[in-house]
Amino acid sequence: MCGIVGLFLKNEALQPELGTLTTLMVHEMVDRGPDSAGFAIYEAPAAATKISCLSLTGDTDWAALSADIAQTIDDAVEVVEIEDHAILHTQGDGARARNRIIEIAPDVTVLSVGHAIELFKGIGDPDAMTSRFGLAERAGRHAIAHTRMATESAVVIAGSHPFSTGADTCLVHNGSLSNHNRLRETLRRNGETFQTENDSEVAAGYLAWRMRQGDPLEGAIEHALRDLDGFYTLAIGTRDGFAVVRDPIACKPAVIAETEDWVAMSSEFRAIAQLPGVTHADIWEPKPATVYAWSHAA
Amino acid sequence: MTQLDLTTLSVRDVNAALHQVSQDTFHLLNPGGAHALACGLNAEISVTVEGHAGYYCAGMNKHASVTVTGNAGTGCAENIMSGEVHVRGDVSQSLAASGHGGLVVVEGSASARAGISMKGVDIVVGGDVGHMSAFMAQAGHLVVLGDAGTDLGDSIYEAEIYVRGAVAGLGADCIEKPMETDHLATIDQLLKRANLDANPKDFTRFGSARRLYHFSIDHMDEY
């Protein structure tokens with residue numbers, strides 16, 4: 001099953017409310033995915049790179065790790081610890097920092113790298129998870145989130161969404177991919193690094209790779225429709241935007257609602273029913289194999 | 001007339017209240033996309049869902065008349081036996097799945113697999129239907145005023161499909177068939193019951209070529 005939500009704010013005045021509204025949406029999706037949750041929150045792009053990290057052991061020495069990273073990238077690294085996560089801020093090379101962490105710290109998973117994104121995930125009750133990481137207090141421009149019901153693999157943090165492998169790119173996925181093993185190998189040969197055996201991480205890596213080849217978000221998704229085999233509804237966050245796509249069979253649910261102030265997507269309408277002005281929203285079900293995208297930059 | 005407010009009552013409370021009477025008119029307020037609203041009704045009551053419904057709204061309906069003023073989610077009116085379900089907005093996939101009887105009207109569009117495995121229900125859709133609609137449809141009528149998606153009527157048995165707009169593609173063993181006078185009368189009658197306005201002559205009829213589900217002695221070697 002799994003529940004996914006995404007909220008993209010068109011009206012800047014709502015930005016302080018982003019976390020509160022996203023928390024409400026996640027709460028409605030707990031039934032669809034009670035065993036794990038995660039969210040990515042996008043603020044306006046900052047000058048510094050933010051690296052969201054998760055300690056798998058819970059006792060990572062963030063000071064020592066950031067000192068090593070600072071030396072590797074030859075730039076200052078500032079650490080903000082939140083529960084078992086840490087956000088590393090640096091003006092230096094974020095991609096190099098990510099690779100260094102993966103190389104030297106097997107107890108750490110790098111969740112995201114970018115100028116806008118921060119990403120958090122955890123196992124257990126989704127409401128407890130969003131509360132633990134203070135989602136309701138967070139401001140921002142757009143957010144996506146996921147509640148997981150594990151059906152084919154264990155309830156481990158590696159299986160929690162969102163997945164991000166490229167700068168400021170992440171996705172949440174409802175469904176399953178059948179060609180992820182071969183695709184992962186192809187992407188590895190093309191220089192992508194993966195941290196889990198999860199199929200959804202491959203979809204994230206695929207989009208990041210396409211965009212590094214120069215595809216805009218919509219173009220990358222069009223390619224994904226040809227190359228990803230399986231069932232999926234994806235909500236995708238990028239630095240400036242937000243997109244939704246369903247596979248050509250479209251058996252995984254999705255609904256989109258749009259007002260002058262926001263665009264929201266979710267697995268079910270009840271997650272959208274709480275949003276301000278929803279009674280005047282345009283509401284529709286996204287068509288199969290059709291890309292829907294919004295951007296702050298446009 | 002009884003009002004039931006979903007902000008204070010659970011879905012279970014609401015459905016229990018609907019099951020207790022043999023006739024009345026109900027308004028369900030603040031549905032908020034809740035699932036399984038007005039399911040399993042078995043009396044000639046009238047229920048209006050004031051807003052958007054979630055999954056399986058009016059499932060297994062018998063005798064009752066259910067109206068949704070907004071949209072409805074997956075499996076609306078699934079396994080309907082009799083009575084009427086009317087949705088003013090759009091519905092998600094698997095509309096009236098396995099429906100045995102009664103009338104289902106959607107003023108907006110229905111997405112994928114509308115009328116899947118329908119077994120006698122009559123369905124009238126004011127807008128479009130998605131891909132694989134009337135998949136394995138056995139009996140009943142599907143009338144579509146808009147367009148139909150790909151693989152319409154795949155593996156169809158003896159249900160009848162009438163589409164006014166464009167059909168993106170027909171499924172296995174589904175073919176266009178000649179429109180006779182009694183078919184025009186059937187469409188006219190269903191449009192009137194659905195309170196939707198269209199000219200029956202603008203529709204195209206589709207049904208089974210009967211090559212898939214009939215045993216053919218020529219295919220003996222295949223078995």
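Hydrogens, waters and symmetry mates play no part in the numbers below; they use all other heavy atoms, side chains included.
At a threshold of 4.5 Å between non-hydrogen side-chain atoms, the residues A:Cys251 and B:Arg113 count as touching. Side-chain contact between B:His35 and A:Glu268 is present, with heavy atoms from C-beta onward closer than 4.5 Å.
For B:Asn195, the CG atom counts as loosely surrounded, since its 6.0 Å shell holds 12 or fewer non-hydrogen atoms of other residues, nucleotides or ligands. Crowding of A:Tyr292 atom OH: a count of heavy atoms from other residues, nucleotides or ligands under 6.0 Å exceeding 12. Dense packing is recorded around NZ of B:Lys119, with more than 12 heavy atoms of other residues, nucleotides or ligands lying under 6.0 Å away.
For residues 11-32 of chain A, a heavy-atom distance under 4.5 Å to chain B picks out A:Arg32, given by residue number. Taking non-hydrogen atoms and a 4.5 Å limit, the residue list of residues 277-286 of chain A in contact with chain B, ordered by number, reads A:Ile283, A:Glu285.
Atom CD1 of A:Ile272 is separated from atom NE2 of B:His52 by 9.5 Å, given to the nearest 0.5 angstrom.
Sorted by first and then second residue, the salt bridge (charged side-chain N to carboxylate O under 4.0 Å, His left out) pairs with a member in residues 253-266 of chain A read A:Lys10-A:Glu258; sequence neighbours excluded.
Between A:Phe269 and B:Gly33 the shortest heavy-atom distance is CD2-CA, 3.8 Å. Closest of all the heavy-atom pairs between B:Gly32 and A:Ala273 is O-CB, 3.8 Å.
Counting heavy-atom pairs closer than 4.5 Å to chain A, the top-ranked of the candidates B:Ser94, B:Gly108, B:Ser92 is B:Ser92.
Legend: residues meeting salt bridge (Lys or Arg N to Asp or Glu O under 4.0 Å) with B:Arg193, ordered by chain and number and at least two apart, are B:Asp122.
A:Pro248 touches chain B through its backbone: at least one of N, CA, C or O sits under 4.5 Å from a heavy atom, while the side chain does not.
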